[in-house]
Novice: 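If you scroll down you'll find the structure; I have some questions about it.
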Amino acid sequence: MSRYSAAEIEAKWQEAWVTSETFKAVRDESKPKYYVLEMFPYPSGKLHMGHVRNYTMGDVIARYKMSTGHNVLHPMGFDAFGMPAENAAMASGGHPKDWTYANIDTMVEQMKPLGLSLDWSRMFATCDTEYYGQQQALFLDMLDKELVYRKNAVVNWDPVDMTVLANEQVEGGRGWRSGALVERRELTQWFFKISDMSEELLSSLDDLENWPAKVRLMQENWIGKSRGLQFGFERVDGEEPITVYTTRPDTLMGASFVGISPDHPISKELEEGNPELAEFLAECRKGGTTEEAIETAPKLGYDTGIRVKHPLNPDWELPVWIANFILMDYGTGAIFACPAHDQRDLDFCRKYDLPVIDTFFALDNPTPVEAEAFVPPKSEKVKWVNHFAGLDEATGEDAINATVDFAEKAGWGEGVTKYRLRDWGLSRQRYWGCPIPVVHCEKCGVVPEKKENLPIELPYDEGGKPIDFSVPGNPLDRHPTWRDCSCPTCGAPAQRETDTMDTFVDSSWYFARFTAPRATTPTDLVEAEYWMNVDQYIGGIEHAILHLLYSRFFARAMNITGHLPEKSKEPFDALFTQGMVTHAIYKNAERTDENGRAIYHYPNEVEERDGETVVKETGEKITVIPSAKMSKSKNNVVDPLAIISSYGADTARWFVLSDSPPERDVEWTASGAEASAKHLARVHRIATDVADMPEGTGQGDEDLLREMHKAIRDVTLGVESFGFNASIAKLYAFTNTLAKSKAGKDAKREATRTLAQLMSPMTPHLSEEIWGMLGGEGLVIDAAWPKADDSMLVEANVTLPIQINGKRRAEISVPKDMPKEEVEKIALAHEAVAKALDGAQPKKLIVVPGRIVNVVI
RNA sequence: GCCCGCGUGGUGGAACGGUAGACACAGGGGACUUAAAAUCCCUAGCUAGGAAUAGCGUGCCGGUUCGAAUCCGGCCGCGGGUACCA
């Protein structure tokens, strides 16, 4: 009899799996396939608990599916382009490429001991030339199908560093390095025409039955379909009318001004030769490009002096204002404001002393609007003041429809459908990304590179010297030779595009590439036809909108360009969003770094002292920021390797799955890990004890097997419904039953072997060990998943709680199928009920068979 | 600001609208041991009570229902996303 040694066991079985090529995915038409995919990681160089949790969940599914006869594809790769590599090069020298590949090596080394059922032969990183070369081919095909185009868009501009900043690099409206006030500046950029697919991407959401409802709802809101009225306001000066779009045309009688975006063509036209307006617009352009920054900025307005005529009353003139909260990207970039029924418009009108006109009131409350706009739900009936289409009492919805009809009949407006979804800007003015394969020729203009010239590789050096990343700006842009090329069309000297692609492009098709990772085209249709779609996709809820929407777009684009079959337009059949692993952030309360920025400490650098959290070494006080997403920049990451090296991978896997429901965030605590280790050692001990028992039968053999079948049923249900914590709770309970059972060897061996099988998706190494110890044939991973015997699951009696007025007062045990009348009799005869009734008749008696009895007195 | 979630004992959490707190952690008590570790057994929401038991209890306020942690409305707090973090 030996003690449980995770280190020995785990090495042994991992080797066995490698030797038998257990996890190598090979196309096999005779078996149903199953493709499990966890969102691939960014190679930060440190595996953290969130990764372990994510991959363990995928592994449980993958191993379970193998046990149920599926041919499983379970690949892994790295989302390897992106800013952190350039930041690292900027901060401590070195090259993004070297940094990234070193990190990938480290992470693979950290992942392998977990014993995940991954097909490592399919691994790739998005920064592999092989991968991004195929991405460039894909881009050219999309360009050919007119899914890509160029237009102007705004970026965050740092006027001191003379460089474009990511939103993350703007802190409080200032550039993170220079500290300069950031401004919005226009640049010509490449765009994917995702907005052409707005309706398709919206309506197809209904078919994604195995996606979380919240994700579908978030995408629906993001796409933002709206029906409204589009019409022109005629200008008093006779110039071109101003076209506005509104979703509340019913409030037209409450219009107090017409508002246009600071980026509206009229704003730009007026700006020339008007220094005062130019200054105002410069003010509007201050700050970052995020929706949050724009929405929360103080309201600013400027009266252009232009006057327009109200469409229903030509004598009614409205002023035209430029307002900073109107977005050029949405609708027509121009609106009419109805302050009585829109808080933002109201705030603006109060600030600039513009009129507020009520157009409807609540049915029971005709109080005019003062400081708060009256914005009832569109489905609520309201009383109209003077509705031009003749309405008196009507809901907002009905009024909108009536107004659109009215305007269309009168011929001054038309009902139109618009979407909030904007085209996807993919240009990045950065080095560490996939180069956009186009060439700028003086004669031919913007020309796509020839496919035979792909891949367009990133240069490693500049002019024989290492690239200097400490200089702000894009190294490709200032590279002495890389830009030079000849025009693919006319052969004249030309220059390469120096922008690289958004890293969301890389992650929008990797799932397809995994089906044929070494193909010399983006995909291999035979392989894609077999392996697609992803049967189960698993990842963080933070990707609910962008990554998943972009991937859905790409799958469609890849179908159009012939790289994916029709059936893969929705690439992810089922989606599960796991919660994040969170941890308190420890911020140094006594000092900052030399640049005045906060210092964050790792969890193992701090301790509790006299009720205060302090830095172990220095005793400095710490401000504890509770429960936030683990993030490298905040240093609140817990290293899973410590747990693996002291307790083993099975303990780490068991621990991250237990206790907490997979979809919820978990706060990391170290205390539970030891308990998991103890439990696994206990299971191992029970198994060795059973192996050493003398043969034969014992007491309660059948009871044990009955419990075993219940465990099979409950654990299987848990695994299939992502209730891993529920499965584990059941496994604890069954282990307790097994430990206490006085059954004989035959029954105990069967029960223990089944326990090992049921645990095998979570603790594969320990399970293999026990399986072998108890005479299981071959590997447990190759054994068929146990089936619960229904005849062993029937219960003769049920316990029914008896409530009096909804409060539990007693319980009775009755045969499961006892008729309602019988149950009533027994319940009424119960001492507690009789006492409460005191001879009277109950007002009501509710019997839910097999569930509950409620006596209402 | 806007969109989407979440909120239950000391802690992680369980609970098809039907016995709130399964399972586990930390705690308390005990057994074994010269002692400790390991292991095993018992106990445990809060308040009152020796106990039986009673009252209270799922962020707060209100509603629907025979019955609400669960459904609806309104607040509060926390988290995610907000189109150049991935």
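What you see is a predicted model; the values in this text were computed from it and never measured. Chain letters run A, B, ... following the sequence lines, proteins first and then strands; every chain starts at 1.
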Novice: Of the listed nucleotides (A20(B), C85(B), C6(B)), which one gets closest to any side-chain atom of R808(A)?
Specialist: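 The nucleotide sitting nearest to the side chain is A20(B).
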
Novice: Taking only residues two or more places apart in sequence or in another chain, which ones pass side chain to side chain contact (heavy atoms under 4.5 Å, CB included) with S646(A)?
Specialist: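 So S646(A) forms no side chain to side chain contact (heavy atoms under 4.5 Å, CB included) with any residue.
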
Novice: Tabulate atom names and distances for all N/O pairs under 3.5 angstrom spanning the protein and nucleotides 1-4 of chain B.
Specialist:
unit_1 : atom_1 : unit_2  : atom_2 : d
G1(B)  : N2     : E291(A) : OE1    : 2.7
C3(B)  : O3'    : N221(A) : ND2    : 2.8
C3(B)  : O2'    : N221(A) : ND2    : 2.9

Novice: With sequence neighbours excluded, what pairs up with F722(A) under the ring pair (Phe, Tyr, Trp, His ring centres under 6.0 Å) test?
Specialist: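 Once residues adjacent in sequence are excluded, the partners of F722(A) under the ring pair (Phe, Tyr, Trp, His ring centres under 6.0 Å) criterion are F576(A), F724(A).
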
Novice: Hey, is G59(B) sitting syn or anti, using the within-90° cutoff around 0?
Specialist: anti

Novice: Taking ring pair (Phe, Tyr, Trp, His ring centres under 6.0 Å) as the definition, give me every residue that meets it alongside Y149(A), ordered by chain and number, with sequence neighbours left out.
Specialist: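 Residues passing ring pair (Phe, Tyr, Trp, His ring centres under 6.0 Å) with Y149(A): F191(A).
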
Novice: Which dot-bracket notation, 5' to 3', represents the base pairing of RNA chain B when pairs are defined as Watson-Crick or G-U with both distances under 3.5 Å, crossing pairs as [ ], and inter-strand pairs as |?
Specialist: (((((((..(((.....[....))).(((((.......))))).((((....))))..(((((..]....))))))))))))....

Novice: Establish, from distance only, whether the side-chain atoms of T163(A) and D158(A) form a donor-acceptor pair under 3.5 Å.
Specialist: no

Novice: Return the set of residues passing salt bridge (Lys or Arg N to Asp or Glu O under 4.0 Å) with R420(A) (not counting sequence neighbours), or none when no residue passes.
Specialist: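 Testing R420(A) for salt bridge (Lys or Arg N to Asp or Glu O under 4.0 Å), a comparison that skips the adjacent residues, returns E291(A).
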
Novice: Run the ring pair (Phe, Tyr, Trp, His ring centres under 6.0 Å) test against F374(A) and tell me which residues pass, sequence neighbours left out.
Specialist: F360(A)

Novice: What protein N or O atoms touch nucleotides 63-67 of chain B N or O atoms at under 3.5 angstrom, if any, and at what distances?
Specialist:
unit_1 : atom_1 : unit_2  : atom_2 : d
C66(B) : OP1    : K844(A) : NZ     : 3.4
C66(B) : O2'    : N854(A) : ND2    : 3.3
C66(B) : O2     : N854(A) : ND2    : 2.5

Novice: Listed by chain and number, what are the side chain to side chain contact (heavy atoms under 4.5 Å, CB included) partners of V148(A), not counting sequence neighbours?
Specialist: F139(A), M142(A), L143(A), W190(A), F192(A), L426(A)

Novice: Produce the list of close N/O pairs, under 3.5 Å, pairing protein atoms with atoms of nucleotides 40-48 of chain B; give distances to one decimal.
Specialist:
unit_1 : atom_1 : unit_2  : atom_2 : d
C40(B) : OP1    : R682(A) : NE     : 3.1

Novice: Go through the structure and list residues passing ring pair (Phe, Tyr, Trp, His ring centres under 6.0 Å) with Y510(A), not counting sequence neighbours.
Specialist: F40(A), F514(A)

Novice: Apply side chain to side chain contact (heavy atoms under 4.5 Å, CB included) to A733(A) and list each qualifying residue two or more places apart in sequence or on a separate chain.
Specialist: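 Testing A733(A) for side chain to side chain contact (heavy atoms under 4.5 Å, CB included), a comparison that skips the adjacent residues, returns none.
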
